[in-house]
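Worksheet for the structure shown next.
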Amino acid sequence: MAYPFSEIEPKWRRFWLENKTFATDTSRTDKPKYYVLSMYPYPSGQGLHIGHPESYTAVDILARYKRHRGFEVLNPMGWDAFGLPAEQYAMKNNVHPSVTTKANIDNFRRQLQAIGFSIDWDREVDTTDPGYYKWTQWIFLQIYNAWFDSRVAKGRHINELIAELEEKGSADLPKPDHYNGPEWEFDAEGWKNLLPIEQQNFLANFRLVYEDEIPVNWCGELGTVLANEEVDEWVEKGFTVERRPTRQWMMRITAYADRLQAGHANINWPVSTTDMQANWIGKSYGAEITFQTESGEELRIFTTRPDTIFGATFMTIAPEHPLAATLTSEEQREVVEAYRKEASLKSELDRQTGDEKTGVFTGSYAINPANGERIPIWIADYVLASYGTGAIMAVPGQDERDWEFAEKFNLPIVRTVLPPDGFDEGKPYIGDGPAINSNFLNGLNIAEAKEKMITWVEEKGIGEAKVNYKLRDWLFSRQRYWGEPIPLVRYEGGIIEPVDESELPLTLPELKEFKPSGSTESPLALTGDWLNVEHPTFGAGRRETNTMPQWAGSCWYYIRYLDPENGEQMIAPEVEERWLPVDFYIGGSEHTVTHLLYSRFWHQVLHDLGHLKSEEPFTRLLHQGMILGENSQKMSKSRGNVINPDDVIAESGADALRTFEMFMGPLEMDKPWSSNGIEGIRRFLNRAWGMIVGDERRETIVEDRPMTPDEERILHGTIRKVTEDIEGIRFNTAISALMVFVNEFLNLETKPKVAMESFAVLISPFAPHFAEEVWQRLGGEETIANATWPEYDPEKIKVDEVEIVLQVNSKIKDRITVPAGASAEELEKIALENELVKGLIEGKTVRKIVAVPDKLVNVIAG
RNA sequence: GCCCGGGUGGCGGAAUAGGCAGACGCAUCGGACUUAAAAUCCGAAGCCUCGUAAGGGGCGUGGGGGUUCAAGUCCCCCCCCGGGUACCA
């Protein structure tokens, strides 16, 4: 039949590859640049999923469109190739993960190339390539050797901190919240007198990379620690995951919490995405206040409602709170210890899903500093050790959780905000209102009372205003082989030194056998030669066996695409200055609080350290929706509704696949696959082919002749619609405009050549193979890829006559044709002379006439 | 619970400075071509209802109110579906 896609498509794909049609010259300055990016895939053994081409096609449309518009376009592709599946396969079959990774990449590349994307294939990046991860390690060391100076809200090199310490000690430095090191106050002399290990411990409180002992998700069967987002998956598969405290490398992303949130103002992202990030960062304003206990300990709490302190009738501390044991009385010791033990055995999930509040009394009391009342201290796991200070003042009158707890354990409840009339007596009141039972705060609303209370505690010297974040530091190390080695060495005596830059990349050692180390360490712990090092100054050392998480490589891949071969630098400065940030980024919304947050963090750090000029990585972001099975359910093997792109291409061609995925609906929405639907696109392409080239059934004559006004109107209307819809990312309606064009032109005796050429360019972002072929047959030069996008003339779109609606009492009664642009007065006159209208208003009074030019006339009569 | 996104024919979806609801496509039906079918081409079609027919009437964008000459679109209340998050003090 008509359109021979199986011949045309491979022909043009070969042409593009051989001629490097889509190579990007980043040194060009005579054209504006445009950098489009799609989230690169993890090259799994399953091959490409039908969902992959959706975002890649959307990006490709923008790339090809911008190229037609005269931009120098970069549209790259690469591989997020480290990851657990390859390692597990390696362990099962004792095949090096690089072998399966390479095979998977080759397969992915083949599949992607079969769809005809305008990708510069000479810029591929592969996160597992030592030439790439050399720079991942290099960036890690930049971050390791950086600290966040809260005085200027900026990341700085650690040497600047050391210089300050050598000059004036810790005098001007803000003490970190959870400072853990030598005596805090010292002068220049004091710093110099510290032992190297003490200095190291001091600096560790500042570095953006630090070690911590924290509970992680340990999976014995896998012999590895899992990321929180991975736990469910493996538990579902029947693996056991327990929490076990382990030494871990952390990245201090919390230092950048404010910057990450403030940066949202400068990027054009979906609000749902920035909202979610802001939620995740979870900034809240409140106060930290110290409560004295009867035993003499000071118990520090964080609250967002300092105004309610007169209603604090008890205190609650987390089971892991450092003072938990101290504050426990002898009588209560047994029951408290039992409770703490029980809490430690529960997983985080169990703790959260328990719907009944639990807790025990410590036996000791604190004094409410506001009213001097003696209030009991409880231990309960609804208070989290990791948020705030791990202790709260419980104000049941104004807090649901505290209310629930107070009711269960018969603790007193005092309202300090007057609820409105009719408010349920059996509930806490969270809303605003005048303060009551609160001494000098009485009558003030929440905001006023908060402010006054904060001033009061500050004057008393027992507290101050405080900002808190939900965001936690980033657990950066994984106990895996198949990841970037962390380039740090621990020497005897505990001194930690980074691997020298000149020794990067620190490559993964070969292993004879792939198996878990059996401990919480990665298989790297099983290697002798690689593991142990000797240093002229520090002596014997042992390499870090942790590797980086999968997010590491993807934190900066968009940078490397710009200069993938550079062996001297992460990127040449002049290239980064001209080409970053990415102009348009498309990828799944599931990465909102991981990849998209981590990348912004790294970018901001690299910016602060002077390695990047731009402050944000991705100017504009969009998420594609999911492609569901024909039954509108998620595609999965078990549901038997999986569609394989290879099959679709074999059956209908790549152009049909691309065009159909864009035609199904708005890009960002979920939509079900339809095999009938893609048939419709094939039919459309066949008709378009018939229109320009002709087929067995129909000769077509393309003539180099002037267009009739009607033809011009349709062509220019199509150009406008397609152009505006591409700019507005409404690809589905752009395609329908192309369909309308074909329906209009298909049956003309002869087709004006200029209209056919314009049509070829308009369709080329969607169906590029088709466009190339018809372009060639129309006598176009070489490739359509660089053809100029057609311009529309608004004058040519105008019509002489329009059909308008005549309404009587807002009901449509007639449709008439009037000259375009007729004034309201003229329309009124025409309407009142209309026979139908006359008949309907006969004997009635015309009360009002609404006339909207080119739309309607509404006669109100009664 | 909270935060997003969504609800329009048999189906995917169009249409918002408020102005002809259902563009375009799928499926369906009728016709042409064919020995026949497929493919292709031409045409019909939101639902209900009255009429032999031409044609007429009513109802319609999750539900209920409201604003307006006019509401899918704006305002208030509610329901359902999808995603995220979850004791963050």
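Here is the naming used below: chain letters follow the sequence lines, and residue numbers restart at 1 for every chain.
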Look at the side-chain N and O atoms of [X] and state whether any lies under 4.0 Å from the OP1 or OP2 oxygen of [N].
| X | N | value |
| --- | --- | --- |
| A:R305 | B:A89 | no |
| A:K848 | B:C69 | yes |
| A:T733 | B:G13 | no |
| A:N743 | B:G25 | yes |
| A:R683 | B:C26 | yes |

Is A:S736 touching bases, backbone alone, or none of the nucleic acid, heavy atoms closer than 4.0 Å?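 The residue A:S736 makes base contact.
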
Using whole Å, what does the distance between atom [atom2] of nucleotide [N] and atom [atom1] of [X] come to?
| X | N | atom1 | atom2 | result |
| --- | --- | --- | --- | --- |
| A:L628 | B:G6 | CG | C1' | 13 Å |
| A:Q261 | B:C3 | CD | P | 16 Å |
| A:W689 | B:C41 | CH2 | P | 16 Å |
| A:W673 | B:G12 | CH2 | C1' | 13 Å |
| A:D725 | B:A23 | CG | C1' | 12 Å |
| A:N279 | B:G5 | CG | P | 13 Å |
| A:Q807 | B:A71 | CD | P | 9 Å |

Counting only side-chain heavy atoms from C-beta out, which of [options] sits nearest to [X]?
| X | options | answer |
| --- | --- | --- |
| A:R687 | B:C69, B:C42, B:C20 | B:C42 |
| A:M739 | B:G25, B:C20, B:G12 | B:G25 |
| A:D381 | B:C69, B:A89, B:C87 | B:C87 |
| A:V850 | B:G19, B:A14, B:A89 | B:G19 |
| A:N747 | B:C42, B:A27, B:G6 | B:C42 |

Please confirm whether the backbone N or O of A:M664 pairs with a side-chain atom of A:N732, one donor and one acceptor, at under 3.5 Å?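 No; judged by distance alone, with no hydrogens or angles, the pair does not exist.
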
Using only heavy-atom distances, decide whether a donor-acceptor pair under 3.5 angstrom links the side-chain of A:N676 to the base of B:C26.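 Under the 3.5 Å cut-off, the side chain and the base do not form any donor-acceptor pair.
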
Whether the side chain of A:K855 and the base of B:C20 hold a donor-acceptor pair under 3.5 Å is what I'd like checked.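 By the distance-only test, no, there is no pair.
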
When the ring centroid of A:F405 is compared with that of A:F314, is the distance short of 6.0 Å?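 Yes.
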
